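Below you'll find the structure, written out as structure tokens, and then a few comments.
All values derive from a computational prediction rather than experimental measurement.
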Amino acid sequence: MKVLLGIGGSDDSIRALEKTVERTADAGDDLTIAVVDNPAVERSREDIETTVGDVLGDHGVDATVLRLDGDPGSALVDLAENEGFEQLVLGGGQRSPMGKIQIGNIAEFVLLNSHVTVTLVR
Amino acid sequence: MSPRTYSEAVADPYEAPPLSFTDGDNRTIELRAYDGSDEELEALVEMYDAFDPSDRAQGIPPGREDRIRDWLDNILGDDCLNVVAWSDDEVAGHATLVPDGDAYELAIFVHQDYQRAGIGTRLIKALLGHGRESGVEKVWLTVERWNRAAVGLYKTVGFETSDAESFELEMTIRLSEPDEAA
């Protein structure tokens with residue numbers, strides 16, 4: 001399956017990276033990882049790309065890694081729809097101190113707008 | 001995320017627990033601060049284990065006993081404030097304040113057997129009274145915007161909407177002036 005993972009550097013997106021790379025290793029998916037600019041995150045894109053490289057290396061998985069500029073939600077949806085992806089994967093939200101799941105702005109936009117199947121990783 | 005906004009005005013001071021009242025179904029309900037005992041913990045686990053999953057909000061309460069225990073372990077900590085509504089030795093409802101920087105996050109749950117009997121309003125007022133007495137200055141919560149009963153309850157006790165841009169409404173309340181806080 002042709003899978004697009006969007007990662008902006010939040011903790012839930014790093015968890016989505018780990019789980020998706022694990023699944024790719026098991027299922028033999030064709031994985032593309034798009035690093036987006038999440039304004040809510042302080043981590044730099046270089047730092048995120050290093051993490052992506054480490055996780056891919058740990059699992060011996062090959063993936064295309066690219067950078068997406070502009071609004072992250074719309075850039076991800078655009079890429080997924082125009083490049084024939086079958087699934088768009090994102091982090092499934094952060095937890096509040098209370099333990100409530102809080103869906104981020106990128107996931108909210110993607111869920112409401114994507115014509116490609118969306119997976120939120122918990 | 002932008003910092004939360006809180007009203008300049010301090011909300012009505014509510015009475016702190018212990019309190020007792022008769023609910024809309026003629027049951028005697030006692031409101032008490034959680035005492036940390038095994039008995040009270042087990043009664044809470046039992047209430048959440050029997051909680052209707054359709055009344056979950058943003059993933060809480062979780063749905064399996066081991067997850068309920070992990071979650072309760074987090075929100076019943078020493079730095080949290082908890083008030084329990086009792087019907088004899090059964091838990092009818094539970095409200096909690098969990099520290100988050102200089103504020104507290106609030107959540108409240110009333111078991112299905114005890115809903116629509118006026119317990120939620122009494123319980124949240126008792127929790128806010130307990131919070132004010134304990135020096136809590138600011139409280140925030142999120143609520144699913146379609147949950148009009150809950151939004152109405154929060155407005156009734158003095159919460160104001162602080163962020164309507166996300167999936168969930170965010171609401172805040174000020175319980176005491178900064179210099180009043182303990």
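- Annotation: maximal heavy-atom pairing with chain A below 4.5 Å, among B:Arg56, B:Glu105, B:Glu165, occurs at B:Glu105.
- Heavy atoms from other residues, nucleotides or ligands lying under 6.0 Å from CG of A:Asp62 number 12 at most.
- Proximity to chain A (any heavy atom under 4.5 Å) is shown, for B:Pro62, by neither the backbone nor the side chain.
- B:Glu168 is not listed as a side-chain neighbour of A:Lys100, based on a closest heavy-atom distance of 4.5 Å or more.
- Counting non-hydrogen atoms of neighbouring residues, nucleotides and ligands closer than 6.0 angstrom, the NZ atom of A:Lys2 exceeds 12 such neighbours.
- Closest heavy-atom contact between A:Pro97 and B:Pro99: CB-O, 3.8 Å.
- Cluster annotation: A:Val55 is not connected to A:Leu4 through the hydrophobic network of ILVMFWY side chains, with a link wherever side-chain heavy atoms come within less than 4.5 Å.
- For B:Leu141, no part sits under 4.5 Å from any heavy atom of chain A, backbone or side chain.
- Taking CE of A:Met98 as the reference point, atom CG of B:Leu106 lies at 6.5 Å (rounded to 0.5 Å).
- When the side chains of ILVMFWY residues are joined at heavy-atom separations under 4.5 Å, either directly or via intervening members, B:Met47 and B:Ile60 end up in a single hydrophobic cluster.
- Within 6.0 Å of CZ on B:Arg174 lie more than 12 heavy atoms contributed by other residues, nucleotides or ligands.
- Residue A:Gln87 qualifies as enclosed at atom CD: its count of foreign heavy atoms under 6.0 Å is above 12.
- Heavy-atom pairs under 4.5 Å with chain A were tallied for B:Ile75, B:Leu97, B:Thr142; the largest tally goes to B:Thr142.
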